[in-house]
Each structure stands twice: as structure tokens, then as C-alpha cells.
Amino acid sequence: MDKRFKHTLVAHKICPFSMKVLTVMRHKNVKFEIKFIETHNKPEWFIRISPLGNVPVLIIGEEVVLSESAIIMEYIDEITPPKLMPDDPLQKALDRAKFEYSNEIIRNLYSFIFSTEQEKFVRQKECLIKHFKWIEEQLKDKKFINGNELSLVDLSFVPLFVALNMLKSTLPCDMLKDFKRLKIYGDMITSLPCSKTGRVPDYEFLMIDGIKTQNTVLYRSNPCYFNNDSKPQGCCFFRN
């Protein structure tokens, strides 16, 4: 490969924004190398190339560096036809707004999962329900967010449903049980091959380990489900 066009992705294993980029790169069959870093112990070389200190970062060749998941996703889409982003300027702007919305709801979900304070936990839960209602309405009479064709927006939502599936497989609670269209949509996009290869094999283990290690509300409320103890009927996942 010409070193000018070599792609190296710098990521964190459970970062949902890294997962977004990985999902797109897998979908587009892009050849790349990957370097995983620990965000609590960032290496000096990473700090030098990432002004904000955030992942993901895409290094192109030996000098060009792209940061921010949406920017990297669009770049990958542009260089690997057929494009998933629309050509129409207005629709493209609308899709970029949806990227930001997906970022917000994913941050909301991760704050819920890793919250150590009860008040914040409840507040994030309430925000999630509002988001779920909004997306449920957007999916009315549509297969995907923008219609019947897969778009880059859909791939940007993959980490949301991967994390929800992780919770569902651990706890006897389905957060989407009251959102039929959203549940079908989530099952559909997480069944895509790129969704399965766009995350590390030990993703679920790492997420559960983080939930336990940080002594989150989720863990304190339901320790038996994380410790392989005998399981009670139901859990306090969505108790008021």
C-alpha cells in the first residue's frame, strides 16, 4: 500500500465513537491498521496528534490526522463508492444533524450505564425514554432512518443498539420493549456483518467489567446479575 494513503485508526475498545468509525470501515471494506489506547493513560505520541485528546483519530499516511467520528465517517464514505451520504446539500445537512443527535443519545446511554449517582441515573433514564419515543416516531412507515435504503446515519446508530443488547443479555430487562419499531430497527442494523465486526470481540466483557469496577448504580442495584449469583425474579432496572 502507498504510505501516503495508509489508514491507521486510533481507538479505545469500548468507545462508541470509535465503534461508529470501525463499523463504517468494515462496511466499506477499507484496509487499515488499528491502535488501541487507554484513555486514562494516553501515550505522548497520541497527545501530540490529537489536540482534544479524544478518540477516534484516523492517521492518513504519515502526516494527515482526522478527528471526530462524523468527519472520519464521511471521509471514508467519500473515498469508497457507492456513497451512503446523499448528494443533495439539504439532505446532507439534515444527515449531519442526525449524526449529532446519535452522538447525544449515545452519550446519554453511556452516562446511564456508568452512572454512580442515583439522581443522575434516573435523570439519564428519563432522557433515554424521550429519545426512544422520538426515534420510534421517525421510523413510522420506514425501514431505516431516511427511508428504505441504508444510510450513513443508520451506521452511526449501531453503537446505541450494541450497548442495549449488552444490557439485555445481562439483565432480565428490555429497554425497548415498549418501542416495537425501534426494536425491529435495532435488531436489523445490529445483524449487519459490519456491526458484528465493527466492535472488539471482548466488548461485552469489558463493558460489564467497567460497570462492576466503577461500582455503578446499575451494578449496586443488580449485583447478582453481574456476579453469576442466583437470580431473583426481575430486577430494579426500571423501577421508579
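By the 4.5 Å heavy-atom criterion applied to side chains, Thr216 and Ser115 are not counted as neighbours. Counting only heavy atoms from C-beta outward, the side chains of Thr8 and Lys35 approach each other to under 4.5 Å. Ile105 places a side-chain heavy atom less than 4.5 Å from the side chain of Phe132. Annotation: side chain of Asp95 is in contact with side chain of Pro86 (closest heavy-atom distance under 4.5 Å). At least one side-chain heavy atom of Thr170 sits under 4.5 Å from a side-chain heavy atom of Ile208. Two residues are said to be in side-chain contact when any heavy atoms from C-beta on lie closer than 4.5 Å; Glu204 and Ser169 meet this criterion. Under the 4.5 Å side-chain criterion, counting only non-hydrogen atoms from C-beta, Leu150 is in contact with Leu192. At least one side-chain heavy atom of Ile211 sits under 4.5 Å from a side-chain heavy atom of Met166.
Partners of Lys83 by side chain to side chain donor-acceptor pair (under 3.5 Å), not counting sequence neighbours, listed by chain and number: Asp87. Remark: His12 pairs with no residue by the ring-ring contact (aromatic ring centres under 6.0 Å, His included) rule, at least two apart or across chains. With sequence neighbours excluded, no residue forms a side chain to side chain donor-acceptor pair (under 3.5 Å) with Gln214. Checked against ring-ring contact (aromatic ring centres under 6.0 Å, His included), Phe36 has no partners two or more places apart in sequence or in another chain.
The two residues Ile145 and Val153 make their nearest non-hydrogen contact at CG2-CG1, 3.9 Å. Closest of all the heavy-atom pairs between Glu149 and Phe144 is C-CD1, 3.4 Å.
Between the Asp77 side chain and the Met73 main chain, no donor and acceptor come within less than 3.5 Å of each other. Distance alone, capped at 3.5 Å, is enough to place a donor-acceptor pair between the Lys142 side chain and the Gln138 backbone. Side chain of Glu33 to main chain of His7: no donor-acceptor pair is present (N/O by atom type, distance under 3.5 Å, no hydrogens or angles). Using modelled atom types, one side-chain atom of Lys42 and one backbone atom of Gly53 make a donor-acceptor pair closer than 3.5 Å. In this structure a side-chain-to-backbone donor-acceptor pair under 3.5 Å is present from Lys28 to Pro82. Between the side chain of Arg26 and the backbone N or O of Gly198 there is no donor-acceptor pair closer than 3.5 Å. In this structure, the side chain of Lys212 engages the main chain of Phe226 through a donor-acceptor pair within 3.5 Å. Within the 3.5 Å criterion, the main-chain N or O of Pro43 finds no donor-acceptor partner in the side chain of Arg48. Checking side-chain atoms of Asp209 against main-chain N and O of Phe205 turns up no donor-acceptor pair under 3.5 Å. Looking only at distances, no side-chain donor or acceptor of Ser195 sits under 3.5 Å from a matching main-chain atom of Ser191.
Within a 6.0 Å radius of NZ in Lys180, other residues, nucleotides and ligands contribute 12 heavy atoms or fewer.
Ring geometry for Tyr101 against Trp134 counts as tilted: the plane angle lies between 30° and 60°, on a 0 to 90° scale.
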Checklist entry - Do Lys133 and Glu136 pass the salt bridge (Lys or Arg N to Asp or Glu O under 4.0 Å) test, and can you show the C-alpha distance, the side-chain angles, and the key distance before you say yes or no? => result CA-CA 5 Å; Lys133 288 178 179 178; Glu136 178 83 357; over 6 Å; no

Next on the checklist: Could you go through Lys120 and Phe112, starting from their C-alpha distance and side-chain angles, then the distance that decides it, and tell me whether this counts as side chain to side chain contact (heavy atoms under 4.5 Å, CB included)?
Outcome noted: CA-CA 8 Å; Lys120 181 179 180 181; Phe112 170 77; over 6 Å; no

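There is a side-chain donor-acceptor pair under 3.5 Å between Lys20 and Ser102. At a cut-off of 3.5 Å, with distance as the only test, no side-chain donor of Asn108 or Ser111 sits close to an acceptor on the other residue.
With rounding to the nearest 0.5 Å, the separation of CG in Asp187 from CZ in Phe161 is 9.0 Å. The CD1 atom of Ile76 sits 12.0 Å away from the CG atom of Leu84 when rounded to the nearest 0.5 Å. Distance check: Leu109 CG to Gln124 CD gives 9.5 Å after rounding to the nearest 0.5 Å. Note: Ile113 CD1 to Leu167 CG = 4.5 Å, rounded to the nearest 0.5 Å.
Taking Ile, Leu, Val, Met, Phe, Trp and Tyr as hydrophobic and joining them when side-chain heavy atoms fall under 4.5 Å apart, one finds Ile47 isolated, its cluster having no other members. Residues Val10, Ile37, Trp45, Phe46, Val55, Val57, Ile59, Val65 make up the rest of the hydrophobic cluster containing Ile49, defined by ILVMFWY side-chain heavy atoms closer than 4.5 Å, directly or through other members.
Under the 4.5 Å side-chain heavy-atom criterion for grouping Ile, Leu, Val, Met, Phe, Trp and Tyr, Val64 is connected to Val21 within one hydrophobic cluster. Ile135 and Ile184 fall into different hydrophobic clusters, where Ile, Leu, Val, Met, Phe, Trp and Tyr are joined by side-chain heavy atoms under 4.5 Å apart, directly or via other members.
A salt bridge does not link Lys13 with Glu38: none of the charged nitrogens is closer than 4.0 Å to a carboxylate oxygen. Comment: Glu117 does not engage Arg220 in a salt bridge, judged by the lack of any side-chain N to carboxylate O separation of less than 4.0 angstrom.
Between Tyr225 and Tyr219, the distance separating the two ring centers is not shorter than 6.0 angstrom.
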